[in-house]
Amino acid sequence: MNIKEAADRLGITPRAIRFYEKKGLLSPAKQESNRYRSFSDQDIWRLQTIVSLREAGMSLSDIKLALEKWEVDGMGELQYYLELQRSILMSEWLQLRQILDMTDRMIGLLKDERGLPIEHIFGLAAASKRLREQRGNWQDRWNFNRLAPTHDERVAAGSGNYADYAEALEKIVRLVVPAKGERGLDIGTGTGNLAGKFLERGCVMSGVDQSREMLRLCQTKHPGMETRLGNFLALPYLREQFDFVVSSFAFHHLSGDQQRLALEEMDRVLKPSGRVAIADLMVPAADDEAHAGFPSASSLVRWFLEHGYTAELRRLNERLHILYARKEE
DNA sequence: CTTCTCACA
DNA sequence: TGTGAGTA
């Protein structure tokens, strides 16, 4: 297949394909006589993956790394591609929801005030742009794929950020009080250590992580568990499916803006009267300069209270806190 | 129709 | 992260 046909079928320009080649993302065979590129089914498949990853907001250099890893692992291509595709569609869907939301608010403003104050328009536009940027930024920034093979050793050591890890997981289970058959979601599930405790108690668990490597290990440890590629900011579930949402040692990777988005996402997938438990490194108050960068326990609690939850906070050590909240209907 | 390079945003 | 023009 020549370059034009390939480009047409993938909905991109021949120029872009040559550009990807120059960047080292693919190397199609070239005909001896005229140096024309000729694209095999494998090449097309690879290109399709590149295009999809681009649409999901991944940079070309990240895509290059991902493809290299993928080749070494030799995993099921179709499954990987489809999971990727699902997470892309999910984040597009969330963006549409966001735009719809903003439109509704503008309609409301028009009704109430017979006109749109200019600062409101700018404010809304800026907010929605920020949201798009945050959501688009879902790459494996912390290289958990690389860390995956040794993850369990590190948490078992219980040192540094993972101090009191085992206690935190136990405490989450005691707070949530899972009933047999309940549906639970573990965000940033990693290798499924927390989700495993709920599986033992007869819950039906789903795990979301942005690292495919982590999820592969998780599948090995817990074959009965459903795992999906995704992250806090675009949970790959439609709505109101879960009796409880839990997360451990993951929330602190989010910035302040992202934390609020993440809480909205948890709220979105939680059934009425659902519970949330988050164990993570937090600082007591937002203005704690000494530990800037960690989530502030008090502002998280405030968010839940403002959104119709009851909330309580437990402290395990200097930084490690557990936040438990229940949706009140 | 394709190749490659240089310039440009 | 690509695009356009010009060339052979």
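Convention: sequence-line order gives letters A, B, ...; per-chain numbering from 1.
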For a quick test of reading the model: is some side-chain N or O of [X] closer than 4.0 Å to OP1 or OP2 of [N]?
| X | N | value |
| --- | --- | --- |
| A:Y20 | C:dT1 | no |
| A:T13 | C:dG2 | no |
| A:N2 | B:dT2 | yes |
| A:R37 | B:dC4 | yes |
| A:R54 | C:dG2 | yes |

Are a donor atom and an acceptor atom from the side chains of [X] and [Y] found within less than 3.5 Å of each other?
| X | Y | value |
| --- | --- | --- |
| A:Q219 | A:T227 | yes |
| A:S38 | A:Q31 | no |
| A:S206 | A:R228 | no |

For atom [atom1] of [X] and atom [atom2] of [N], their distance in whole Å:
| X | N | atom1 | atom2 | result |
| --- | --- | --- | --- | --- |
| A:R18 | B:dC1 | CZ | P | 11 Å |
| A:I3 | B:dC1 | CD1 | C1' | 11 Å |
| A:E21 | B:dT3 | CD | P | 8 Å |
| A:L25 | C:dT1 | CG | P | 10 Å |
| A:I17 | B:dC4 | CD1 | P | 13 Å |
| A:Y36 | B:dC1 | OH | P | 10 Å |
| A:K22 | B:dA7 | NZ | P | 13 Å |
| A:R35 | B:dC4 | CZ | P | 6 Å |

- Message: With hydrogens left out and only the distance checked, is there a donor-acceptor pair under 3.5 Å joining A:R15's side chain and the base of C:dT3?
- Response: yes
- After noting the C-alpha distance and the side-chain angles of A:E55 and A:V51, does the key distance pass the side chain to side chain contact (heavy atoms under 4.5 Å, CB included) rule? CA-CA 6 Å; A:E55 280 169 2; A:V51 171; 3.9 Å; yes
- Task: List the steps, then state whether side chain to side chain contact (heavy atoms under 4.5 Å, CB included) holds for A:S248 with A:L169.
- Result: CA-CA 7 Å; A:S248 64; A:L169 301 197; 3.7 Å; yes
- Task: Give one of base, sugar-phosphate or nothing for A:K30, where a contact means two heavy atoms less than 4.0 Å apart.
- Result: sugar-phosphate
- Item | Strand partner of C:dA8, provided both Watson-Crick or wobble distances fall under 3.5 Å | B:dT2
